[in-house]
There are 2 protein chains.
Amino acid sequence: MAAAKRKVGNLLALAVLSYLTVGPKHPYELSRLLREHQDDRSFRFNHGSLYMVIQQLAKAGFVAEQATMREGQRPERTVYAITDAGRAELRDWLRELVGSPDHEYPHFVAALSLIAALPPDEAVALLRQRSLRLGEQRAEISALVDGAAGVHPLFLVEEEYRIALLDAEIAFVARFIGQITDPETGWGPQWAAFHAGSLDKGDES
Amino acid sequence: MAAAKRKVGNLLALAVLSYLTVGPKHPYELSRLLREHQDDRSFRFNHGSLYMVIQQLAKAGFVAEQATMREGQRPERTVYAITDAGRAELRDWLRELVGSPDHEYPHFVAALSLIAALPPDEAVALLRQRSLRLGEQRAEISALVDGAAGVHPLFLVEEEYRIALLDAEIAFVARFIGQITDPETGWGPQWAAFHAGSLDKGDES
DNA sequence: GACTGAATAGTCAGAGTCAACTAATCTGAG
DNA sequence: CTCAGATTAGTTGACTCTGACTATTCAGTC
């Protein structure tokens, strides 16, 4: 529907286009910038795919090879500049990403959909462990945000978002543990029954 | 660290193993079950990769070819059964997924990290649009959950989780819009300035 | 002035993913 | 009876991704 397929699908390409709006760069410089600004927290980044993505962008006409210079006896450094089509793609893509949430597949959703395959007491133990880890992640991000005094909060908004999601997940996990263990309305016994019997989702009696 | 690399990485394999604990099945039956139970909401599923994943599982020794039968003149249907190694893998993988959250890359995180590249008023318009869409998604899931009366809530827990995340995101977006537009502490003007000037993340004065 | 480790710069094979295609069989309308 | 369309069942090929590998240069140090 809304999401026409992009010529270059990898989100890393979006980051590349964004850095190139500032000025032409060669691949390694992009790599360094991405690492320095810790964009690897937001974009799936590995050195290899960067070159791939730049090639794809070039083929699609979103960036253009500007010059091939050689400094000392180092390998050639090809400098790329963003094109008008590239600027258009950047804006359009960003608009789509911000304006239209799309269905994603977090690992925990998959895990939850099959969690009945574990015995209930083990599930509870693991959920408690998850909760601790989530708390640690939250603390790490907080530290990171606090450590970046002087940076305008606009440039940390993605970390605030992560924190919001983490808080929601922590709360959810706590509620879920409650539902399993609460002796009043507890699911524990029924769960154990499911577990002993068939693992079918019970759409027939 | 904790996450030793799985022989079969695709989460679809986890769903397959789970269905095979109930009994041996042939690929197409798995495909039908996955669709019927709407597991395509939790697992990235397309017909083609299913056959791939089953081959990988067979190579890794997690499932074994049980029989190759032929009914009428239809193509062969190879029936697969889970092995002991497969059952172990299923439990171990599930434990890891539940107990250890891992760093993921939601599209919106990427979008937020670059959102300063849009003019602030456009960003606000898009965020409002997102908020509406998120509300629609939430309503859809609610309807789906309500429509599934009779199914034990344990089997809908992944949808409850989605709702929790959606609510958190809706709240976050509202706060963010507030920060941009609030004339008291509003970021709007500064944003516009950033936008006019360099798009550098401002790590130096 | 030669050695070591880190940084620079890029390539590549293997594995994985996805959409499109083939091809048979079943179902029901006319 | 026969034809269209849905369903069943699986294959293929183009594209993408990732981790590992190569090779040069620079900074420090003994």
(request) Please check the phosphate of D:dG10 (OP1 and OP2 only) for any side-chain N or O of B:Gln55 closer than 4.0 Å. (result) no
(request) Considering only NZ, NE, NH1 and NH2 on the basic side and carboxylate oxygens on the acidic side, decide whether A:Arg91 and B:Glu122 come within less than 4.0 Å. (result) no
(message) Nearest whole Å is fine: how far is D:dT18 P from A:Phe43 CZ?
(response) 14 Å
(message) Please determine whether a side-chain nitrogen of the Lys or Arg among A:Arg6 and A:Glu96 lies less than 4.0 Å from a carboxylate oxygen of the Asp or Glu.
(response) yes
(request) Just do the side chain to side chain contact (heavy atoms under 4.5 Å, CB included) check on B:Trp93 and B:Leu11 with the steps written out, would you? (result) CA-CA 10 Å; B:Trp93 198 353; B:Leu11 281 175; 3.7 Å; yes
(request) Take atom OH of A:Tyr28 and atom C1' of C:dT11, then tell me their distance rounded to the nearest Å. (result) 15 Å
(request) Name the orientation class of the two ring planes belonging to B:Phe176 and B:Trp191 (parallel below 30°, tilted from 30 to 60°, perpendicular beyond 60°). (result) parallel
(request) Quickly work out the B:Arg44 CZ to D:dT16 P distance and round it to whole Å. (result) 16 Å
(request) Please tell me which of the listed nucleotides, D:dT18, D:dT16, D:dA9, lies nearest to the side chain of A:Gln56? (result) D:dT16
(request) Check if the side chain of B:His47 and the base of D:dG10 share a donor-acceptor pair of N or O atoms closer than 3.5 Å. (result) yes
(request) Give the nucleotide from the list D:dT18, D:dG10, C:dA19 with an atom nearest to the side chain of B:Asn46. (result) C:dA19
(message) Rounded to whole Å, how long is the line connecting atom CD of A:Glu36 with atom P of C:dT8?
(response) 9 Å
(request) To the nearest Å, give me how far apart CG (B:Leu50) and C1' (D:dG10) are. (result) 11 Å
(request) Please report, rounded to the nearest Å, how far the C1' atom of D:dG10 is from the OH atom of B:Tyr80. (result) 11 Å
(request) Take the protein atom NZ of A:Lys59 and the nucleotide atom C1' of D:dA14, then report the distance between them rounded to whole Å. (result) 10 Å
(request) With the side chain of A:Met52 defined as its heavy atoms from C-beta on, choose the nearest nucleotide among C:dT11, D:dT18, D:dA9. (result) D:dT18
(request) Begin with the C-alpha distance, continue with both residues' side-chain angles, and end with the deciding distance and a verdict on ring pair (Phe, Tyr, Trp, His ring centres under 6.0 Å) for B:His103 and B:Tyr105. (result) CA-CA 7 Å; B:His103 190 87; B:Tyr105 300 87; 5.1 Å; yes
(message) Expressed as a whole number of angstroms, how long is the span from B:Glu29:CD to D:dG10:P?
(response) 11 Å
(request) Would you please confirm or rule out a distance under 4.0 Å between OP1 or OP2 of D:dC17 and any side-chain N or O of A:Asn10? (result) yes
